[in-house]
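Read through the structure below, which is laid out as structure tokens, and then see the notes.
Throughout, a chain's letter reflects where its sequence line sits, starting with A, and its residues are numbered from 1.
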Protein chains: 2
Amino acid sequence: MSADEQPPYDVYNRNCPARMVFTRLADKWSLLIIRRLKTDAVRFNQLRRDLDGVSAKMLTQTLRNLERDGLIQRQIFATVPVTVEYSLTGLGQTLADTIDELALWAENHIETVLESQQQFDQEQG
Amino acid sequence: MSADEQPPYDVYNRNCPARMVFTRLADKWSLLIIRRLKTDAVRFNQLRRDLDGVSAKMLTQTLRNLERDGLIQRQIFATVPVTVEYSLTGLGQTLADTIDELALWAENHIETVLESQQQFDQEQG
DNA sequence: CGGGATCCGTTCCGATACTG
DNA sequence: CAGTATCGGAACGGATCCCG
């Protein structure tokens with residue numbers, strides 16, 4: 001493709017930074033976990049209770065992914081039984097700020113969204 | 001559960017506004033579509049070309065969901081063959097601003113994330 | 001051009017059982 | 001307490017064919 005033919009948004013290819021990050025966050029629990037860890041460190045089972053509906057398997061899997069990306073950190077305390085605490089890294093905190101704005105948007109506009117859904121569903125019959 | 005026993009974040013139940021919105025956005029294409037439509041209205045096949053790897057099926061499906069939520073609108077022009085343009089609604093534009101910040105975060109921190117991934121993978125062997 | 005319908009493989013995810 | 005292992009259904013997503 002020549003220079004003057006490339007689309008205005010070639011950033012949308014698979015190697016685009018935004019796309020890579022969006023892909024990581026685009027699962028059922030990542031955004032919720034980051035948001036939950038924003039205020040304080042939380043233990044595994046506490047996190048599990050706080051996030052309504054998450055299974056141990058998915059929680060572990062999602063936490064590992066976030067740890068791999070350097071967004072959260074895992075601290076092990078040699079108690080009996082063992083204690084494991086998850087918390088945001090410095091990097092994770094900067095992302096949490098942005099995600100919080102997304103949550104704020106949600107709270108401010110959820111009513112409008114819900115109404116739109118109802119209207120859409122009626123029109124379709 | 002009594003009032004003084006409820007977790008600090010009961011907002012994480014399934015009916016929490018943030019969670020509902022996160023769930024909608026947590027798929028492979030929604031965030032990318034909203035971001036692409038931020039600058040201008042785009043036709044179906046153009047959108048398909050811009051978003052590297054999307055199939056017609058998933059594009060249609062995701063666009064319908066976003067339309068149902070009132071985030072984008074669909075305009076049909078009676079040309080031959082027919083022309084269909086997608087664009088953000090007013091509501092969608094307010095969300096697009098927040099998503100843009102997420103994309104900006106990604107661009108600023110993707111290097112750090114990539115390095116963290118490499119280190120994590122090495123440590124695991 | 002902008003889809004819908006169908007088929008089909010893959011991945012996601014929850015439930016259950018088990019472990020140090 | 002903090003996981004791992006396994007299983008099976010559900011949802012995701014691509015390929016192909018068809019249509020106004």
Side-chain angles (χ1 to χ4, degrees), chain A residues 7 12-14 19-20 22-33 36-37 40-69 72-87 120 123-125, chain B residues 7 12-14 19-20 22-33 36-37 40-69 72-87 120 123-125:
Chain A
Y12 289 85
N13 68 60
R14 300 172 205 262
R19 178 148 171 185
M20 285 191 283
F22 287 179
T23 299
R24 157 64 61 244
L25 300 179
D27 62 47
K28 206 168 173 180
W29 304 107
S30 289
L31 290 170
L32 289 168
I33 290 174
R36 175 60 188 89
L37 295 183
D40 54 334
V42 185
R43 296 171 62 179
F44 185 86
N45 278 324
Q46 183 62 48
L47 202 48
R48 194 175 165 186
R49 280 187 294 272
D50 289 348
L51 269 52
D52 182 27
V54 72
S55 67
K57 176 185 169 183
M58 290 314 301
L59 184 54
T60 300
Q61 185 178 314
T62 310
L63 287 169
R64 288 295 169 279
N65 284 336
L66 293 174
E67 187 187 2
R68 190 173 102 98
D69 287 351
I72 69 174
Q73 55 200 348
R74 187 168 176 265
Q75 252 191 94
I76 307 172
F77 301 95
T79 53
V80 180
V82 67
T83 298
V84 178
E85 250 185 30
Y86 292 91
S87 57
F120 185 91
E123 288 169 2
Q124 307 304 313
Chain B
Y12 288 85
N13 67 60
R14 299 172 205 264
R19 178 148 172 185
M20 285 191 282
F22 286 178
T23 299
R24 156 67 58 245
L25 299 178
D27 64 47
K28 206 170 174 181
W29 303 110
S30 289
L31 290 171
L32 290 167
I33 289 174
R36 176 60 188 91
L37 294 184
D40 54 334
V42 185
R43 295 172 62 177
F44 184 85
N45 278 325
Q46 183 62 46
L47 202 48
R48 194 176 166 187
R49 279 187 296 271
D50 289 348
L51 270 51
D52 183 26
V54 71
S55 68
K57 176 184 169 181
M58 289 315 301
L59 184 53
T60 300
Q61 191 176 87
T62 309
L63 287 169
R64 287 296 168 278
N65 282 336
L66 293 174
E67 188 188 0
R68 188 172 104 99
D69 286 351
I72 69 173
Q73 54 200 349
R74 186 167 175 266
Q75 251 190 95
I76 307 172
F77 300 95
T79 54
V80 180
V82 66
T83 297
V84 178
E85 251 186 27
Y86 292 92
S87 58
F120 185 92
E123 288 168 3
Q124 307 305 313

Whole angstroms only, please: what is the CD-P distance between Q46(B) and dG2(C)? 9 Å
Using a 4.0 Å heavy-atom cut-off, does F77(B) contact any base of the nucleic acid, only the sugar-phosphate backbone, or nothing at all? nothing
Under 4.0 Å: is that the gap between some side-chain N or O of Y86(B) and OP1 or OP2 of dC1(C)? no
Counting C-beta onward and ignoring hydrogens, is there a side-chain heavy-atom pair between R36(A) and D40(A) closer than 4.5 Å? yes
Span of DNA chain D in contact with chain B (heavy atoms, under 4.0 Å): dG13(D) to dA15(D)
Take V54(A) and L47(A) through the side chain to side chain contact (heavy atoms under 4.5 Å, CB included) test and state the conclusion after the steps. CA-CA 9 Å; V54(A) 72; L47(A) 202 48; over 6 Å; no
Side chain R19(A), main chain D52(B), donor-acceptor under 3.5 Å: yes
As a check of understanding: the bend across the helix from dC1(C)-dG20(D) to dG20(C)-dC1(D), end axes from five pairs, rounded to 10 degrees, works out to 50°
Within-4.5 Å side-chain heavy-atom neighbours: R74(A) and V84(A): yes
Using the test salt bridge (Lys or Arg N to Asp or Glu O under 4.0 Å), find all partners of R48(A) that sit at least two apart in sequence or belong to another chain. none
With sequence neighbours left out, the residues meeting side chain to side chain donor-acceptor pair (under 3.5 Å) with T23(B) are none
Distance-only donor-acceptor hits, side chain of residues 55-66 of chain B, under 3.5 Å, sequence neighbours excluded:
| residue | atom | partner | partner atom | Å |
| --- | --- | --- | --- | --- |
| S55(B) | OG | M58(B) | N | 3.3 |
| T60(B) | OG1 | A56(B) | O | 2.9 |
| T62(B) | OG1 | M58(B) | O | 2.7 |
| R64(B) | NH1 | Y86(B) | OH | 3.4 |

B/S/- along nucleotides 13-20 of chain C (protein heavy atoms under 4.0 Å) is BBB-----
4.5 Å side-chain heavy-atom contact, W29(B) and L32(B): yes
About how many Å separate CG of L51(A) and CD of Q46(A), when rounded to the nearest 0.5 Å? 10.5 Å
Roughly how far, to the nearest 0.5 Å, is the CG atom of D50(A) from the CG atom of N45(A)? 11.0 Å
